[in-house]
Amino acid sequence: PRSTLFPYTTLFRSLLGSWNVEAAAAILAGDGVTLQETFDIITSLVDKSLLIAEPRGNETRYSSLESTRAFAFEALEAAGESEHTQRAHAAYFANLAHGMLRVLDRDDAAAFGAVRREYANVGAALHWALTRPEEREFALELMQSLWEFWQGSGRYREAQRWLEQVLEHDIDEERSRLFSVWLTKALMNLGDAKSTLSSALPLIERCRTANDGHGMHLSRRMAASAYFELNDLPAARAQIESMLSEPHVGDEERALSLGYLAYIEMTDGNVSEALQLLAEAITIDVPQSLRSWIHEYYGIALFLNGRTAEA
């Protein structure tokens with residue numbers, strides 16, 4: 001029969017960082033432990049100083065010592081229960097992450113804080129799923145949800161680590177390209193121009209072969225940025241010009257590319273050429289944020305051209 005210590009060792013082993021009673025109840029629910037029983041177990045462990053209770057706003061978070069978790073893991077392994085527990089843990093935190101990340105707003109500090117509080121356990125769920133071929137789809141869906149969080153919170157090193165890991169596995173070409181684009185973007189934001197270029201150039205051809213215009217344009221811009229950082233302005237210019245010559249370039253892509261090309265020309269001292277490019281970009285109907293960016297560079301180009309009154 002299952003040891004009476006099972007609920008205790010389950011909580012210690014499966015939950016990382018800090019967590020709340022709802023998480024504990026969800027993991028124990030499959031074994032017939034009710035919410036009230038979960039609360040009683042947690043209270044008992046706090047009374048014995050085996051769990052630390054931390055009131056935070058309108059909820060209480062709990063955590064345990066690493067040494068206690070290590071002992072609990074050995075107990076669960078011996079009982080043959082660790083896989084069952086980790087599956088319940090992964091399911092709960094993946095569903096929680098999907099729900100929070102689906103509506104994540106980059107300007108919402110509270111929302112990002114909520115994700116950060118659960119992130120240790122979400123990461124553990126992702127690691128567990130990635131190491132099991134039968135859970136690969138589960139892992140890929142969680143990766144897609146996490147990208148916006150990694151990007152919005154500037155966790156590009158962490159994104160790089162996870163994306164490189166998942167790309168080692170056999171996954172479908174569409175998501176492989178998507179994750180490769182994200183990896184290239186992470187490398188670019190980490191300031192690794194050489195690695196960005198090594199990733200972006202073959203990705204351009206992959207996207208072209210798959211008729212993935214958006215991926216190809218994004219890869220070209222990242223290649224151009226890498227060349228720019230490496231002070232190879234002719235190569236940077238060639239990437240943007242190639243993008244502009246592609247069929248079916250949308251208005252936003254075209255305006256953005258003209259702006260990038262104008263910036264390259266200004267850097268290379270070709271202010272008149274930059275003004276012509278920006279003048280064309282201004283005529284394109286684009287969202288206000290992009291329009292403001294183009295106008296800002298147009299003003300800089302006018303100033304550099306000696307037309308300070310117009311700037």
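As the structure is a prediction and not an experimental result, all values here were calculated from the model.
A donor-acceptor pair under 3.5 Å is formed between the side chain of Glu37 and the backbone N or O of Thr34. With hydrogens and angles ignored, the 3.5 Å screen pairs a side-chain donor or acceptor of His217 with a backbone N or O of Gly213. A donor-acceptor pair under 3.5 Å is formed between the side chain of Ser245 and the backbone N or O of Ser242. Between the side chain of Asn95 and the backbone N or O of Ala91 there is at least one donor-acceptor pair closer than 3.5 Å. Panel note: side chain Arg61, backbone Ser18; a donor-acceptor pair is recorded below 3.5 Å. Distance alone, capped at 3.5 Å, is enough to place a donor-acceptor pair between the Arg132 side chain and the Trp128 backbone.
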Requested in this report: Please lay out, stage by stage, how Ser292 and Gln288 fare under the test side chain to side chain donor-acceptor pair (under 3.5 Å).
Outcome: CA-CA 6 Å; Ser292 297; Gln288 184 58 44; 3.1 Å; yes
Requested in this report: With salt bridge (Lys or Arg N to Asp or Glu O under 4.0 Å) as the test, would you mind laying out the steps for Arg155 and Glu158 before giving the verdict?
Outcome: CA-CA 5 Å; Arg155 298 186 179 214; Glu158 195 159 354; 3.6 Å; yes
Report task. Verify side chain to side chain contact (heavy atoms under 4.5 Å, CB included) between Tyr297 and Met266, making sure each step is shown before the conclusion. Result -> CA-CA 10 Å; Tyr297 277 103; Met266 280 193 288; 3.5 Å; yes
Query - Leu178/Gln144 under side chain to side chain contact (heavy atoms under 4.5 Å, CB included): CA gap, chis, key distance, verdict - result: CA-CA 9 Å; Leu178 176 64; Gln144 288 182 258; 3.9 Å; yes
Report task. Could you walk me through whether Asn305 and Ser272 pass side chain to side chain contact (heavy atoms under 4.5 Å, CB included), step by step? Result -> CA-CA 7 Å; Asn305 199 41; Ser272 296; 4.1 Å; yes
Query raised in the report: Can Leu233 and Thr267 be said to form a side chain to side chain contact (heavy atoms under 4.5 Å, CB included), step by step?
Result: CA-CA 9 Å; Leu233 297 185; Thr267 304; 4.2 Å; yes
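Hydrophobic clustering (side-chain heavy atoms under 4.5 Å, transitive across Ile, Leu, Val, Met, Phe, Trp, Tyr) groups Leu302 together with Ile264. In the hydrophobic cluster analysis, where Ile, Leu, Val, Met, Phe, Trp and Tyr join through side-chain heavy atoms closer than 4.5 angstrom, Ile300 is grouped together with Ile282. Val249 and Ile294 fall into different hydrophobic clusters, where Ile, Leu, Val, Met, Phe, Trp and Tyr residues are linked whenever their side-chain heavy atoms come under 4.5 Å apart, directly or through other members.
Under the 4.5 Å side-chain criterion, counting only non-hydrogen atoms from C-beta, Leu146 is in contact with Tyr119.
Between Gly215 and Cys207 the shortest heavy-atom distance is C-SG, 3.6 Å. Scanning all heavy atoms of the two residues, the minimum distance from Thr38 to Ala24 falls at CG2-CB, 3.7 Å. Here the closest heavy-atom approach between residue Asn20 and residue Tyr92 is recorded as OD1-OH, 4.3 Å. The nearest pair of heavy atoms linking Ala139 to Leu130 is CB-CD2, 3.7 Å.
With sequence neighbours excluded, the residues that form a salt bridge (charged side-chain N to carboxylate O under 4.0 Å, His left out) with Arg175 are Glu137, Asp172. Residues satisfying the side-chain contact (heavy atoms from CB on, under 4.5 Å) criterion with Asp40, sequence neighbours excluded, are Gln36. The salt bridge (charged side-chain N to carboxylate O under 4.0 Å, His left out) check on Asp192 picks up nothing, with sequence neighbours excluded. The side-chain contact (heavy atoms from CB on, under 4.5 Å) search around Asp251 returns Ile284, not counting sequence neighbours. Not counting sequence neighbours, the partners of Ala53 by the side-chain contact (heavy atoms from CB on, under 4.5 Å) test are Val46, Thr60, Tyr62. For the side chain to side chain donor-acceptor pair (under 3.5 Å) test, residues two or more places apart in sequence or in another chain that qualify with Arg237 are Glu265, Asp268. The side-chain contact (heavy atoms from CB on, under 4.5 Å) check on Leu167 picks up Ile171, Ser176, Phe179, Ser180, Leu183, with sequence neighbours excluded. In this view, Glu205 and Arg208 satisfy the salt bridge (charged side-chain N to carboxylate O under 4.0 Å, His left out) rule, not counting sequence neighbours.
Evaluation of the salt bridge (charged side-chain N to carboxylate O under 4.0 Å, His left out) test over residues 283-294, restricted to residues two or more places apart or in two chains, returns Asp285-Arg291. Within the structure, the salt bridge (charged side-chain N to carboxylate O under 4.0 Å, His left out) test picks out the following pairs touching residues 217-226 (sequence neighbours left out): Arg220-Glu246, Arg221-Glu253.
Of the N and O atoms on the side chains of Glu280 and Gln276, not one donor lies less than 3.5 Å from an acceptor on the other residue. Between the side chains of Tyr260 and Gln239, no donor-acceptor pair is found at a separation under 3.5 Å. Under the 3.5 Å distance criterion, with hydrogens and angles disregarded, no donor-acceptor pair is assigned to the side chains of Lys194 and Ser198.
The distance from the CE atom of Met188 to the OG atom of Ser199 is 11.0 Å, given to the nearest 0.5 Å. Taking CD from Gln160 and OG1 from Thr184, the interatomic distance works out to 10.5 Å, rounded to the nearest 0.5 Å. In this structure, Trp150 CH2 and Leu163 CG are separated by 5.5 Å, a value rounded to the nearest 0.5 Å. With values rounded to the nearest 0.5 angstrom, Glu164 atom CD is found 8.0 Å from Glu168 atom CD. Rounding to the nearest 0.5 Å gives a distance of 15.0 Å between CG of Leu187 and CH2 of Trp182. Considering CD of Glu273 and CG of Leu277, their distance stands at 8.0 Å, rounded to 0.5 Å.
Below 30°, between 30° and 60°, or above 60°: for Phe228 and Tyr263 the angle between ring planes is between 30° and 60°, a tilted geometry.
Apart from Ile204 itself, the hydrophobic cluster it occupies contains Leu197, Leu201, Met216, Tyr227, Leu230, where clustering links Ile, Leu, Val, Met, Phe, Trp and Tyr at side-chain heavy-atom distances under 4.5 Å. Ile52 belongs to no hydrophobic cluster, as no Ile, Leu, Val, Met, Phe, Trp or Tyr side chain comes under 4.5 Å of its own.
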